[in-house]
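Notes follow the structure.
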Amino acid sequence: MIDNLLNPAVLFFVLGLVAGILKSDLKVPQALYESLSLYLLIVIGMKGGVELSKTSIQSIGLPVMGALALGIVIPLVAYAILKYVGKFSVPDAAAIAAHYGSVSAVTYAVCLSFLQKMNVPFEGFSAVLLVTMEVPAIVVAIMIARLYRSKTQALPWGKFFHEVFLSKSIVLLVGGLIIGVVVGDAGMEPVKNVFFDPFKGLLAFFLLEMGLVASSRIKDLKKVGVFLVLFGIGMPLISALIGCWIGKFTGLSVGGTTILATLAASASYIAAPAAVRIAIPEANPSYYLTASLAITFPFNLTIGLPLYYKWAQWIVGKAGG
Amino acid sequence: MWNKKLVTIVTEKAIESNLEDSFKDWGIKGYTITDARGKGNRGVRSAVWDQAANIRIEVVTDGKMAELLCERLKAEYYDNYAMILFTVDVQTLRDDKF
């Protein structure tokens, strides 16, 4: 676990967090933040695509179904806990559930570098699982919120689907995947030094900004209450456990199961907030942004990843990895 | 010179495209959007990332449309989004442009 903490990406996150809490004037310009997120998303897609080009299509079907099931089950479980145990209002519970069902591409990227560092092999198609899990949970949660709404102000579904499926992260991930599959390993060679070599360094840089953003939500921790803080740690554990079992039943290796568990545990903070703000406007953004960014994201990054790897080893068995 | 109203709206970047659609439906002829940041009763809007970013929209229009615009924005967005708006009298060179 200490090994994981000494990863530059994690340390950069902590640096940003500390600098933000101490009110340093450190700021990452918004244009750089946007450029970095654009770069990271497209490279995550491309890397996945190149790996995918070496994978047989038949082996993907079952894990993708598993990922899809996770994307539907997690928001339902999260919603039930928030609504009936946490006593949150329907819009707030649904909005938070959308975030926990959807995924964080950055957590995924850190998970891959964790596995690489530990020399754990994993399935080449893992980026497909990432893409699969991005949207369904958002749709499920928004449908819950709509179901309970009494004075229905019609949601323009066409506009909504346009917004979710053509959101920046989906376009970049899927676009990168396709480009990666089409050009393959050999085709990637000439552009490798732009797209692949600097990835880990830029990921670390991006996490500096994530630390700053997370620190801006830390002061809201008091406002959101103890229950949500516990939920922000407990929910990823529940999701990761379900993810581990689905990984086992869909035949993933230890590495692949760790990735699926991490995806299940991660909470979105790019795609989900944008969609939820429009589709569930009554929900308080302080709740979902604080839970996802200031609690779950740092938890997964530090304690979560090594823990999910351990669980994957226990559940799938060491033979797989 | 022609007497017009300048309506200034400061709100969340998250609803920019929704507002643009609404403006089109309501027959607003033109508007200007700039990025903004600041602080209000919904906390600091520092613009460090999209979810904390604000925009300022300026619309120059006639008095009647300005009133309509304010009413509609209040009805549709005030409950759930960080939004303020105010109007001032302005003079323009062309009457039919606004």
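A, B, ... follow the sequence lines: proteins, then strands. Residue 1 opens every chain. Computed from heavy atoms alone, side chains included, the values below leave out hydrogens, waters and symmetry copies. Just so it is clear, the structure is predicted and the values come from calculations on it, not from any experiment.
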Crowding at [atom1], [X] (>12 non-hydrogen neighbours, <6.0 Å):
{"X": "L93(B)", "atom1": "CG", "answer": "no"}
{"X": "E20(B)", "atom1": "CD", "answer": "yes"}
{"X": "F205(A)", "atom1": "CZ", "answer": "no"}
{"X": "W2(B)", "atom1": "CH2", "answer": "no"}

- What pair of heavy atoms forms the shortest contact from A82(B) to R277(A), and how long is it? N-NH2, 4.4 Å
- For D21(B), is it the side chain, the backbone, both, or neither that has a heavy atom closer than 4.5 Å to a heavy atom of chain A? side chain
- Note on the structure: The interface call for L32(A) against chain B, heavy-atom contacts under 4.5 Å, is neither
